[in-house]
Amino acid sequence: MNNTFKRFARSFSYTFFANVLSIVVSTILILIVPKFIGVEDYGYWQLYIFYSSYISYMSLGLTDGAYLRYGGHDYKSLHKPVFVSQYWFLIAFDLVINFLIAFLYGWFSTDPNKSIVVVLTCITGVLVVPRSLLTFMLQSTGRIKEYSLIIIIERAVYFILVLIFLVCGIEKFSYLIYADIGGKVLSVVYAVLACKELVVGKFETIKASLKEIRLNISVGSKLLFANFASLLIMGITRFSIEKHWSIGTFGKISLTLSISNMLMLFINAVSVILFPTLRRTSEDKLPTIYNMMRSMIMLPLLGLLIFYYPGKFLFSIWLPKYVESFTYMALLFPMCIYESKMLLLINTYLKTLRKEKYMLVVNLITVGVSLLLTSISVFVLNSLPLTILTLLFLLAFRSIVAELFLARILKVSVKKDIILETVMTIIFVAVSWYLSSMLALMMYIVAYVIYLVIKKKDISYLIQNIQSFIKA
C-alpha cells in the first residue's frame with residue numbers, strides 16, 4: 001500500500017470520527033429540537049444558523065489565502081511570528097466590525113427577537129473568524145487529528161447543553177444559541193492550545209506583517225468571494241422566503257434543508273483531507289483520481305435518493321407540525337448530488353490547480369441568475385414550490401458549468417455522466433412530486449437499476465482502479 005494512501009486513510013480516520021459525531025449530533029437535534037420547541041422559536045434558531053454562515057466570512061480572505069499558500073507545507077516549517085500578527089489582527093478587526101453591525105441593527109430594528117439573533121451572531125463572528133486561521137493551518141499542514149478534535153469539542157458541548165436545556169424545560173430559541181456559543185468558546189480554547197505558537201509569541205515587524213496580510217488577502221479574496229457567492233446562491237432564496245412569507249415558513253423550509261444537507265457533513269470530511277493530498281500529487285495523476293473519485297461519489301449518491309421515501313414517512317409521523325415541509329423535500333433532496341460533487345471534487349480540484357478565479361466567476365453568474373429567478377418566483381408568481389425548485393436548478397446549473405470547465409483542463413470526458421445524472425434527477429423530482437410515495441419509490445428503483453446497468457463498465461473499471469491503487 002503506497003504512502004499517499006496510508007496518509008489519506010489515517011487522516012480520514014480522524015475526520016471520519018469527528019464528522020460521524022457531527023452527523024449524529026445534527027441528526028438528533030433535527031429530530032428532537034423541532035419536537036419540543038414552537039415553530040416560531042425554531043425559525044429564529046434557524047435564522048441564527050443562517051446569519052452565522054455569513055458572519056464567518058469576515059476574514060477579508062486572509063485565512064483563505066493562508067490556506068491556499070501553505071497547503072501541503074509542514075507545520076514545523078511555518079514562520080510563526082507572521083501568524084501571531086495575523087491572528088491578533090483578525091481579533092481586532094472582527095471586534096470592531098461585529099460591534100458596529102450589532103449596534104446599528106439594534107438601533108434600527110423593530111423586532112426584539114431578531115435583534116437578539118443578530119447580537120449573538122456577532123459574538124459568534126468574533127469567535128469563529130480568528131479560529132478559522134488556526135483550523136485552516138491545521139488542515140493545510142496535515143494536522144487533521146487536532147482539527148478533528150476542535151470539531152468534536154464544539155459539537156459535543158453544543159449537543160450536551162441543548163439536551164440539558166430541553167430536559168429542564170427551557171424551550172426559548174436564545175438558549176439554543178447560547179449552547180452553540182458555549183461549544184465554540186471551548187473549541188477556541190483548545191484551538192489556541194493546539195496552535196499556541198501561532199497565537200502567543202513574538203510578533204513579526206509591522207512592515208512584514210502588513211506585507212503578509214496583503215499577500216494572503218490578495219490570494220484568498222478570490223476564494224473568499226467565490227465561497228461567499230456560493231453561499232448567496234442558497235441565501236438569496238432563504239432570505240426571500242423569510243421576508244416574503246414568515247419566520248415559521250422559513251423554519252419549516254430550513255428543517256427540510258437541514259435534513260437534505262446532513263450528508264454534506266461527511267462529504268466535507270473527505271474534502272478537508274483531499275486538498276493537501278492532491279497538492280502533493282503529481283498533475284499527471286489528477287485526471288485518473290478525478291474519474292475514480294467521481295464514480296465513487298455519484299454511484300451511491302443517486303442510490304441514496306431512495307431513502308427519501310421512508311424518510312418522508314417517518315419524519316411526517318414524528319414531526320406532524322412540519323408535514324408540509326416534507327413534501328418540499330422531494331424538490332430539495334437531489335441537491336445533495338450537486339453540492340457533494342461541487343464541494344468534494346470540483347472546488348477541491350480548482351483550488352489544487354489554483355483556478356479560484358473561475359470558481360468566483362461561475363458563482364457570481366449563478367448568483368445573478370438566482371436574483372432573477374428568485375425575484376420572479378417569490379415576488380411575481382408568489383409560488384413557494386417554484387422558489388424551492390429554482391434552488392435545485394441553480395445548484396445543478398453551477399455544478400454542471402464548473403465541471404465542464406474542469407473537465408476541459410483535466411482532459412476527461414464527463415458529458416455523458418452529466419446527462420445521465422440530470423435525467424435521474426428529473427425522474428426523481430417528477431415521480432416524487434406527482435405520484436404516491438410507494439409508486440414513486442418503485443419507479444425510481446427501476447430507473448436506478450437501469451442507470452447501474454448503463455454504468456456497468458465504469459463500475460468494473462472503478463473496482464480495478466481501487467484494487468491497483470491500494471496494492472501500489
Side-chain angles (χ1 to χ4, degrees), residues 223 226-227 229-230 233 263-264 266-268 270-271 274-275 277-279 281-305 333-366 369 391-429 444 447-466 468-469:
L223 180 57
N227 289 335
S230 174
I233 295 168
L263 182 65
M264 298 306 299
F266 179 79
I267 294 297
N268 185 60
V270 183
S271 68
L274 189 59
F275 173 66
T277 301
L278 290 177
R279 284 296 295 268
T281 304
S282 58
E283 286 198 18
D284 61 305
K285 293 181 180 178
L286 291 179
T288 302
I289 295 174
Y290 183 84
N291 283 326
M292 188 171 68
M293 293 294 294
R294 195 188 193 285
S295 296
M296 287 176 66
I297 295 169
M298 300 311 297
L299 289 168
L301 274 180
L302 287 168
L304 282 173
L305 294 182
F333 210 58
M335 78 179 189
C336 68
I337 296 172
Y338 298 102
E339 284 292 84
S340 298
K341 185 167 58 174
M342 194 74 193
L343 177 63
L344 179 56
L345 278 181
I346 300 171
N347 281 356
T348 304
Y349 262 80
L350 290 175
K351 285 186 289 186
T352 301
L353 298 168
R354 298 306 309 273
K355 299 292 182 181
E356 303 89 13
K357 183 177 179 180
Y358 187 78
M359 288 172 58
L360 175 60
V361 171
V362 171
N363 285 338
L364 286 176
I365 291 172
T366 311
V369 177
L391 182 56
L392 175 59
F393 168 79
L394 291 167
L395 296 176
F397 169 81
R398 179 186 62 164
S399 174
I400 291 170
V401 172
E403 187 174 20
L404 288 174
F405 171 79
L406 179 59
R408 192 168 60 187
I409 296 174
L410 296 175
K411 295 181 173 57
V412 296
S413 178
V414 295
K415 290 181 181 179
K416 175 186 172 184
D417 289 317
I418 288 174
I419 292 171
L420 279 173
E421 290 150 13
T422 303
V423 171
M424 289 294 293
T425 301
I426 292 172
I427 290 172
F428 175 84
V429 171
Y444 184 74
Y448 183 63
V449 170
I450 294 172
Y451 168 77
L452 291 178
V453 171
I454 295 172
K455 296 284 291 179
K456 183 180 178 180
K457 288 184 179 179
D458 291 332
I459 295 171
S460 177
Y461 181 70
L462 171 63
I463 294 171
Q464 292 173 8
N465 265 334
I466 293 175
S468 61
F469 187 69

Got a second to check how far I400's CD1 is from I419's CD1, nearest 0.5 Å? 9.5 Å
If I take atom CD1 from residue I346 and atom CZ from residue R294, how far apart are they, to the nearest 0.5 angstrom? 7.5 Å
With rounding to the nearest 0.5 Å, note down the distance linking CE in M359 to OG in S230. 7.5 Å
Would you please name every residue forming a side-chain contact (heavy atoms from CB on, under 4.5 Å) with N291, sequence neighbours left out? V412
From L302 atom CG to I337 atom CD1, the distance as rounded to the nearest 0.5 Å: 4.5 Å
Return a table of donor-acceptor pairs under 3.5 angstrom between the side chains of residues 450-457 and protein atoms on other chains or two or more places apart.
residue : atom : partner : partner atom : Å
K455    : NZ   : D417    : OD1          : 2.6
K455    : NZ   : D458    : OD2          : 2.9

Of all residues at least two apart in sequence or in a different chain, which pass the side-chain contact (heavy atoms from CB on, under 4.5 Å) check with I426? T422
Heavy atoms only: give me the nearest P334-L305 pair and the separation to one decimal. CA-CD2, 4.0 Å
Give, for atom CD of E403 and atom NZ of K415, the distance between the pair rounded to the nearest 0.5 Å. 12.0 Å
Going by the ring-ring contact (aromatic ring centres under 6.0 Å, His included) test, which pairs reach into residues 391-428, not counting sequence neighbours? Y308-F428, Y309-F428, Y358-F405, F428-Y444
Minimum heavy-atom separation for M424 to A447, with atom names? SD-O, 3.7 Å
On a heavy-atom basis, which atom in V369 and which in L394 lie closest, and how many Å separate them? CG1-CD2, 3.6 Å
With sequence neighbours left out, the residues meeting ring pair (Phe, Tyr, Trp, His ring centres under 6.0 Å) with Y290 are Y349
With sequence neighbours left out, the residues meeting side-chain hydrogen bond (donor to acceptor under 3.5 Å, both in side chains) with S399 are none
Taking the side chain as every heavy atom from C-beta outward, state whether T366 and V401 have any pair of such atoms under 4.5 Å apart. no
Taking every heavy atom of S295 against every heavy atom of P300, the minimum-distance pair comes out as O-CD, 4.0 Å
Nearest 0.5 Å, please: how far is NZ in K341 from CD1 in I297? 9.0 Å
According to side-chain contact (heavy atoms from CB on, under 4.5 Å), who are the partners of K357, at least two apart in sequence or on a separate chain? K222
Do L406 and V414 come within less than 4.5 Å of each other through their side chains, counting heavy atoms only? no
Using the test side-chain contact (heavy atoms from CB on, under 4.5 Å), find all partners of A396 that sit at least two apart in sequence or belong to another chain. Y338
